[in-house]
Amino acid sequence: MKKVYYLKTCSTCIRILKELNLSSEFILQDIKNEEITVQQLEQMKDLAGSYEALFSKRSKLYKEMDLKNQNLTERDFKHYILHHYTFLSRPVIIVKDKIFIGNSKNTIEAVKAALI
């Protein structure tokens, strides 16, 4: 499978997609317009190892809801990601059986290496 979960309104996601110049084999899913399903999230979790690995602690809602001062469980992380797209760390790129989460330079370099 070759898939990217991203936000088309996110300039960082768009910059990364242009930089990667992905082939047409990739399925792009704008998570604001096409919500993540339970099955998709569970697949991402299986590759990532946890829901927390997929969860963005940099989102505005995370701060507004004061979630950093709560003891969140895996069930909580799953719930928040499914109920608001902003809680998914973006982009999430899946190349076969590997998952790449977020926009750090190291993550993007790892994606490039996986595409070779």
Side-chain angles (χ1 to χ4, degrees):
M1 171 193 275
K2 294 182 176 184
K3 186 150 188 171
V4 180
Y5 296 92
Y6 77 111
L7 269 180
K8 74 177 180 185
T9 56
C10 169
S11 59
T12 301
C13 287
I14 299 305
R15 177 186 52 79
I16 289 169
L17 288 175
K18 283 182 183 174
E19 183 180 333
L20 293 175
N21 193 25
L22 300 172
S23 72
S24 60
E25 295 175 306
F26 277 86
I27 299 166
L28 302 180
Q29 181 172 333
D30 177 10
I31 59 174
K32 186 174 184 178
N33 293 324
E34 186 182 342
E35 291 182 0
I36 299 165
T37 66
V38 171
Q39 182 181 2
Q40 288 172 328
L41 184 58
E42 287 174 354
Q43 179 189 35
M44 285 187 266
K45 182 246 181 196
D46 289 344
L47 292 171
S50 70
Y51 292 113
E52 185 175 9
L54 297 161
F55 190 83
S56 174
K57 294 181 179 172
R58 293 173 38 191
S59 81
K60 200 164 115 178
L61 270 181
Y62 181 74
K63 293 172 180 90
E64 287 174 7
M65 295 171 71
D66 198 33
L67 295 178
K68 72 176 181 178
N69 292 317
Q70 295 181 31
N71 194 9
L72 298 177
T73 64
E74 278 292 288
R75 187 176 179 179
D76 295 325
F77 291 123
K78 179 181 181 181
H79 167 81
Y80 285 119
I81 293 169
L82 285 172
H83 285 85
H84 204 283
Y85 65 86
T86 194
F87 288 116
L88 182 70
S89 197
R90 303 172 304 270
V92 173
I93 302 170
I94 299 173
V95 182
K96 297 179 183 150
D97 62 346
K98 290 186 169 58
I99 190 166
F100 305 91
I101 305 161
N103 56 33
S104 75
K105 186 173 181 146
N106 289 342
T107 300
I108 302 311
E109 290 304 315
V111 173
K112 288 177 182 177
L115 294 174
I116 295 173

Indicate yes or no for a side-chain donor-acceptor contact from D46 to the backbone of Q43 under 3.5 Å, with no hydrogens or angles considered.
-> no
Side chains of I101 and T107 in contact at under 4.5 Å (non-hydrogen atoms) = no
Take atom CG of N71 as the centre, draw a 6.0 Å sphere, and report whether it contains more than 12 heavy atoms from other residues, nucleotides or ligands.
-> no
With the 4.5 Å side-chain cut-off for hydrophobic clustering, are L47 and F87 part of the same group?
-> yes
Where is the tightest heavy-atom contact between I36 and L82, given as atom of each residue plus distance?
-> O-CD2, 3.7 Å
When rounded to the nearest 0.5 angstrom, what distance separates CG in L28 from NZ in K8?
-> 11.0 Å
If Ile, Leu, Val, Met, Phe, Trp and Tyr residues are connected whenever their side-chain heavy atoms lie under 4.5 Å apart, and connections chain through other members, are V92 and L17 in the same group?
-> no
Which value, rounded to the nearest 0.5 Å, describes the distance between K105 atom NZ and I16 atom CD1?
-> 12.0 Å
Any donor-acceptor pair under 3.5 Å from K112 side chain to L20 backbone = no
Report yes if some heavy atom in the side chain of D30 is under 4.5 Å from a heavy atom in the side chain of L7; otherwise report no.
-> yes
Taking C-beta and beyond as the side chain, do K98 and V111 meet within less than 4.5 Å on heavy atoms?
-> no
When every non-hydrogen atom of S89 is compared with those of G102, the smallest separation belongs to OG-CA, 4.0 Å
Can you list the steps and then say if K78 with V38 is a side-chain contact (heavy atoms from CB on, under 4.5 Å)?
-> CA-CA 9 Å; K78 179 181 181 181; V38 171; 4.2 Å; yes
From K60 atom NZ to M65 atom CE, the distance as rounded to the nearest 0.5 Å = 14.0 Å
Smallest heavy-atom separation, R90 atom then C13 atom, equals CB-SG, 3.8 Å
Heavy-atom side-chain contact between D76 and Q70 under 4.5 Å | no
Roughly how far, to the nearest 0.5 Å, is the CE atom of M1 from the CD1 atom of I99?
-> 10.0 Å
So, does E52 use its side chain to make a donor-acceptor pair with the main chain of F77 at under 3.5 Å?
-> no
Distance-minimising heavy-atom pair for E35 and Q40 = O-OE1, 3.9 Å
So, do L61 and Y80 sit near enough that their side-chain heavy atoms are less than 4.5 Å apart?
-> no
F55 ring center within less than 6.0 Å of Y62 ring center = yes
Value rounded to 0.5 Å, distance of OG1 in T37 from CD in Q29 = 7.5 Å
Using a cut-off of 6.0 Å, state whether more than 12 heavy atoms not belonging to Q39 lie near its atom CD.
-> no
Please check if any side-chain donor atom of E25 sits under 3.5 Å from a side-chain acceptor atom of S23, or the reverse.
-> yes
If two hydrophobic side chains count as joined below 4.5 Å and joins carry through other members, does I14 share a cluster with L22?
-> yes
Step by step, work out the side-chain contact (heavy atoms from CB on, under 4.5 Å) result for L115 and F26.
-> CA-CA 11 Å; L115 294 174; F26 277 86; 3.6 Å; yes
Flag yes if Y85 and V4 sit in one hydrophobic cluster, no otherwise; membership is Ile, Leu, Val, Met, Phe, Trp, Tyr, and two members link when side-chain heavy atoms are under 4.5 Å apart.
-> no
Going by an N to O cut-off under 4.0 Å, is there a salt bridge joining K45 and E42?
-> no
Determine whether Y6 and I93 make a side-chain contact, defined as any pair of heavy atoms from C-beta on separated by less than 4.5 Å.
-> no
Would you give the length of the straight line joining atom CD1 of I81 to atom OG of S59, rounded to the nearest 0.5 angstrom?
-> 10.0 Å
Within one Ile-Leu-Val-Met-Phe-Trp-Tyr cluster: I31 and I94, side-chain cutoff 4.5 Å | yes
